[in-house]
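Chain identifiers are assigned alphabetically (A, B, ...) following the order of the sequence lines, protein sequences preceding nucleic acid strands; residue numbering begins at 1 within each chain. No experiment lies behind these values; they were computed from the predicted model shown.
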Protein chains: 2
Amino acid sequence: MWLNYLVNTYSFMTEHEKNTEDKILDAAKDVFQQKGMTGARMQEIADKAGINKALLHYYYRTKEKLFEKVFEIAFSLFIPKVKEMMSSDKPIFEKIEFFVENYLNLLQKHPYIPGFIISELNRNPKMLVSLIEKNVQLKEGNFLGILESQIKQEVDKGIVKPISAHNLMTNVISLCIFPIVARPILQGVLFDNDKKEFDVFLEQRRTFVKEYVINSIKA
Amino acid sequence: MWLNYLVNTYSFMTEHEKNTEDKILDAAKDVFQQKGMTGARMQEIADKAGINKALLHYYYRTKEKLFEKVFEIAFSLFIPKVKEMMSSDKPIFEKIEFFVENYLNLLQKHPYIPGFIISELNRNPKMLVSLIEKNVQLKEGNFLGILESQIKQEVDKGIVKPISAHNLMTNVISLCIFPIVARPILQGVLFDNDKKEFDVFLEQRRTFVKEYVINSIKA
DNA sequence: CATATCTTTGACCAGTTGGTTAAATTAAAT
DNA sequence: ATTTAATTTAACCAACTGGTCAAAGATATG
């Protein structure tokens, strides 16, 4: 089974070849992300997975359990990456460069996950505590403190302007994620709803954000 | 009736004194913002408004009509403000200062509206087109073009570094809104879920964001 | 006061939704 | 090959949900 689990993730497999559990998870991901926990329908998930609704409940007893699984996968795909990427021993500018590049790649691959996480966390913030506990890596190692002292060091060397690690992280993350999460509004208000133009804008932002953040803290 | 509509918005009035229509709108705003269109229940809205469910349908025939009204109010409270605030004839630095201060005030007063708008617009992006048409002010006057040429002027004067109006607007808006919209995550991951510390952080950000954006484009 | 209009209510309904169950089919183990 | 366990299905159900309706109170109008 565990081998099967590894094998069936290859992308050249057809839907039919995947095992049922993965087909369910794939379908559930799509439906939950577009309609949210409350808007999703078990029947639609079953249909999209090409199975019976009873079979859905056979694998995941309740809607809530299925949702939690999907949410957990989405969460651990995005959130721990933040710490992971900032925990190298590169100098600060390289760290930022690395983070922005890789996070924007991740966002391009999964553009709906951040909005999904934000929406559902807003509906029920309690979910977070148990989830942070599960992603133990998030707790251990106090990467913020390390980042903070690294900044202080480079400030002393006269390389960067003073800024708190909290503000720096918040800025970088905001500049990366918000344009994706708020795409409908920004595209509508700033780009007259021109999808192609907005895609160009996002592409151009890849280098822009990188340089912008770095220059903004360069001494 | 229109007089009543003006009068009953005074904040010293008790819930009981407000007219039914406003009680409904208030209750609906709360419920829709917390649970979303699909998660909200007409019964809960009626209860919160202190009225019968049938009366709810008497004033707003369907759930969707009620939702549209609430969404429209939320939308026109936030989005047109962007253009409005950037359309003065102040120099660019003052414009940014003015915008950040006022938008952060607005956000503090209505912290759940941006998340609400983003969530629901993600669920159904089509809503936007009809809504932008209703807020005609958004269309007329091409404030982006004006901002663009203002920047060019100040670049020529050697006051600011070159930046597109699109990027500038996106940055300012992202830095203002995202920390509010993603509060649960940022507070959880960056602040160990300490609500008070995060409030302090947001307060400190009021001046930080202002200075950060201005300094980042200062030549 | 009588009448017409506007508000409010309790009871009700049809469609939907998450979830169950018993039986059938397939795969695994001996 | 036969038993055992794991999958899959069709039919069903109780609870919930948006919405309706006829009648009762209010309020204004003449």
Aromatic ring proximity Y112(A)/F116(A), centre distance under 6.0 Å:
no

May I ask you to evaluate whether Y58(A) reaches the phosphate of dT7(D), defined as a side-chain N or O under 4.0 Å from OP1 or OP2?
yes

Nearest whole angstrom, please: distance from the C1' of dA26(D) to the CD1 of I51(B).
17 Å

Send over the distance from L55(B) CG to dA11(C) C1', rounded to a whole Å.
16 Å

Return the set of residues passing side chain to side chain contact (heavy atoms under 4.5 Å, CB included) with S119(A) (not counting sequence neighbours), or none when no residue passes.
S119(B)

What residue pairs, at least two apart or across chains, pass ring pair (Phe, Tyr, Trp, His ring centres under 6.0 Å) with a residue in residues 24-62 of chain B?
F32(B)-F67(B)

note: N19(A), atom CG; dT26(C), atom P; distance rounded to Å ~ 19 Å

Give a yes/no on whether any side-chain N or O of T20(B) is located under 4.0 angstrom from OP1 or OP2 of dT7(C).
no

Residues in side chain to side chain contact (heavy atoms under 4.5 Å, CB included) with R61(A), at least two apart?
K65(A)

Sequence-distant partners of K210(B), side-chain hydrogen bond (donor to acceptor under 3.5 Å, both in side chains), two or more places apart
E101(B)

Once you round it to whole Å, what is the distance between P of dG19(C) and OH of Y59(A)?
18 Å

Does Y60(A) reach a base, just sugar-phosphate, or nothing at all? Heavy atoms under 4.0 Å.
nothing

Would you mind reading off the distance between I45(A) atom CD1 and dT17(C) atom P, rounded to a whole angstrom?
12 Å

Between CG of D47(B) and P of dT9(C) the distance, given in whole Å, is 12 Å

Starting at the 5' end of nucleotides 13-20 of chain D, put B wherever the base has a protein heavy atom under 4.0 Å, S where only the sugar-phosphate does, and a dash everywhere else.
----SBBB

Could I get the full list of side chain to side chain contact (heavy atoms under 4.5 Å, CB included) partners for D47(B), not counting sequence neighbours?
Q43(B)

